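This report refers to the structure that appears directly beneath it.
None of the values given here were measured: they were computed from a predicted structure.
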Amino acid sequence: MKTSIDKKTKYIKLAAMIALLGNVILASMKIAAGIFSQSNALVGAGIDSSTDVLISIITLVVVKILSKPADANHPWGHRKAETIATAFLSFIIFFAGAQLIINSLTDLIAGIDTPLPPPIAIIVLIISVAGKILLAVSQYILGKRADSAMIKANAKNMASDVLISLGVLVGFAIAHLTGSGLADSIMAILIGFWIIRTAISIFADANLELMDGNSDMESYRIIVDSVNAVEGASTPHRARMRRIGGFWDISFDINVDPNCSVAEAHVIVSNVEKEIKKRLENVMDIMIHVEPHGDKSAEGFGLSEKEIKNGKAE
């Protein structure tokens with residue numbers, strides 16, 4: 001499904017509003033129930049939902065930036081604001097997990113035995129699991145429609161929240177079985193490490209885009225197949241593909257007959273561009289450099305047709 005920038009911002013804004021409203025309700029419930037029941041794990045789960053509230057607010061700010069047109073200082077537009085925001089969100093999630101671990105370790109070292117969780121805490125957790133499942137599904141659907149790394153990352157984060165709430169429930173069950181509230185602190189530490197793991201995963205994906213990387217070799221193969229499908233074009237090389245806010249920026253060289261005219265070469269290039277756009281969704285820009293058959297100039301950077309077919313750079 002091809003996504004225009006207007007549709008993209010519409011879906012991102014809708015996802016952010018749903019996440020904001022849902023997480024404000026869930027965070028308030030969990031923090032209040034956690035303080036009442038003196039449960040570090042439940043308070044930690046509430047703090048994690050509070051970071052989701054902040055994520056939603058930042059997302060709404062990013063939507064306004066995304067909608068700005070390109071200008072002299074930003075000739076490629078403002079779409080990378082989404083990627084930068086995604087990386088920033090990973091740090092928020094990371095520090096929330098780290099703080100939960102530190103607080104829970106402090107309680108364990110001090111030998112603080114928290115009270116057994118009351119029924120209200122268990123009810124809140126069950127509601128939280130149901131709510132987070134609905135939020136995760138909505139974020140995944142809207143993130144896919146918008147082709148938004150930021151919303152997809154938030155969907156992944158909320159899916160982790162479901163596991164977090166289930167983990168707290170397990171901790172509560174262990175506490176009741178053993179008669180000791182220490183299980184709550186232990187579970188809170190495990191939840192903290194899970195939050196950190198999620199943060200690292202989100203940052204790794206955002207960092208790849210910020211560094212103009214692309215681990216999807218299939219998209220490069222589409223370039224090769226598109227070139228080979230056009231009469232007069234051959235030997236795609238120096239291929240480079242990067243994502244800018246979910247849209248492709250593509251650059252590569254092709255070889256043509258050295259005796260063809262500039263007009264003929266232009267027609268070949270136009271046909272290659274059309275072929276790529278038929279096969280690849282969300283293409284923002286394509287830059288194709290034409291070289292005559294037999295040109296021996298050094299590659300310098302980018303991938304050759306051989307490297308693409310082998311699935312790795314040599």
Side-chain angles (χ1 to χ4, degrees), residues 1-9 65-83 145-149 208-314:
M1 181 187 67
K2 295 183 179 180
T3 310
S4 69
I5 190 64
D6 290 336
K7 282 187 177 180
K8 183 184 181 76
T9 53
I65 298 174
L66 285 175
S67 61
K68 290 183 179 180
D71 54 41
N73 292 326
H74 306 89
W76 276 278
H78 299 78
R79 294 172 183 172
K80 265 203 172 167
E82 180 186 355
T83 315
R145 288 183 180 177
D147 195 17
S148 167
L208 182 66
E209 186 169 323
L210 286 172
M211 295 294 289
D212 290 334
N214 175 29
S215 59
D216 180 15
M217 290 303 296
E218 184 58 34
S219 58
Y220 278 106
R221 293 189 185 98
I222 290 174
I223 301 301
V224 171
D225 292 342
S226 298
V227 172
N228 291 334
V230 175
E231 185 177 355
S234 67
T235 324
H237 56 288
R238 294 181 67 200
R240 287 141 288 164
M241 299 181 68
R242 63 174 178 167
R243 284 275 199 174
I244 300 180
F247 291 81
W248 287 112
D249 181 33
I250 304 167
S251 177
F252 60 96
D253 297 3
I254 61 172
N255 287 355
V256 299
D257 186 340
N259 296 315
C260 74
S261 66
V262 172
E264 290 170 333
H266 175 72
V267 170
I268 292 171
V269 167
S270 296
N271 289 337
V272 171
E273 290 180 353
K274 290 176 184 177
E275 194 67 32
I276 291 172
K277 289 178 179 178
K278 279 197 309 185
R279 299 170 182 239
L280 189 64
E281 297 179 349
N282 300 330
V283 175
M284 181 181 74
D285 188 40
I286 304 174
M287 178 68 70
I288 303 175
H289 178 245
V290 175
E291 294 178 345
H293 286 303
D295 183 81
K296 301 295 184 181
S297 59
E299 293 291 298
F301 47 86
L303 300 180
S304 67
E305 183 174 3
K306 181 180 177 182
E307 290 171 330
I308 292 169
K309 288 181 176 179
N310 289 339
K312 61 181 179 180
E314 296 180 343

Handout entry: Minimal non-hydrogen separation, Asn228 against Pro236, with atom names
Key = OD1-CD, 4.3 Å
Problem - Minimum heavy-atom distance between Ala233 and Ile268, given as atom pair plus value - result: CB-CG2, 3.6 Å
Handout entry: Min side-chain heavy-atom separation Met241-Ile222 under 4.5 Å
Key = no
Exercise for the section: Flag the pair Asn255 / His237 as yes when at least one side-chain heavy-atom distance between them is below 4.5 Å, and no otherwise. Expected result: yes
Taking atom [atom1] of [X] and atom [atom2] of [Y], what is their separation to the nearest 0.5 Å?
X: Ser234; Y: Asp257; atom1: OG; atom2: CG; value: 9.5 Å
X: Ile223; Y: Arg240; atom1: CD1; atom2: CZ; value: 11.5 Å
X: Arg238; Y: Ser251; atom1: CZ; atom2: OG; value: 7.5 Å
X: His266; Y: Ser261; atom1: NE2; atom2: OG; value: 11.0 Å

Handout entry: Worked verdict on Val269 versus Ile254 for side-chain contact (heavy atoms from CB on, under 4.5 Å)
Key = CA-CA 9 Å; Val269 167; Ile254 61 172; 4.3 Å; yes
Exercise for the section: Test Val283 against Glu273 for side-chain contact (heavy atoms from CB on, under 4.5 Å), laying out the working first. Expected result: CA-CA 10 Å; Val283 175; Glu273 290 180 353; over 6 Å; no
Practice task
Verify the neighbour count for atom CD of Glu231: are there more than 12 heavy atoms of other residues, nucleotides or ligands below 6.0 Å?
Solution key: no
Practice task
Measure from NZ or CZ of Arg243 to the centre of the six-membered ring of Trp248 and say whether it is under 6.0 Å with the direction within 45° of the ring axis.
Solution key: yes
Exercise for the section: Could you walk me through whether Leu280 and Ile250 pass the side-chain contact (heavy atoms from CB on, under 4.5 Å) test, one step at a time? Expected result: CA-CA 11 Å; Leu280 189 64; Ile250 304 167; 3.8 Å; yes
Problem - Intermediate values then yes/no, side-chain contact (heavy atoms from CB on, under 4.5 Å), Glu291 and Thr235 - result: CA-CA 10 Å; Glu291 294 178 345; Thr235 324; over 6 Å; no
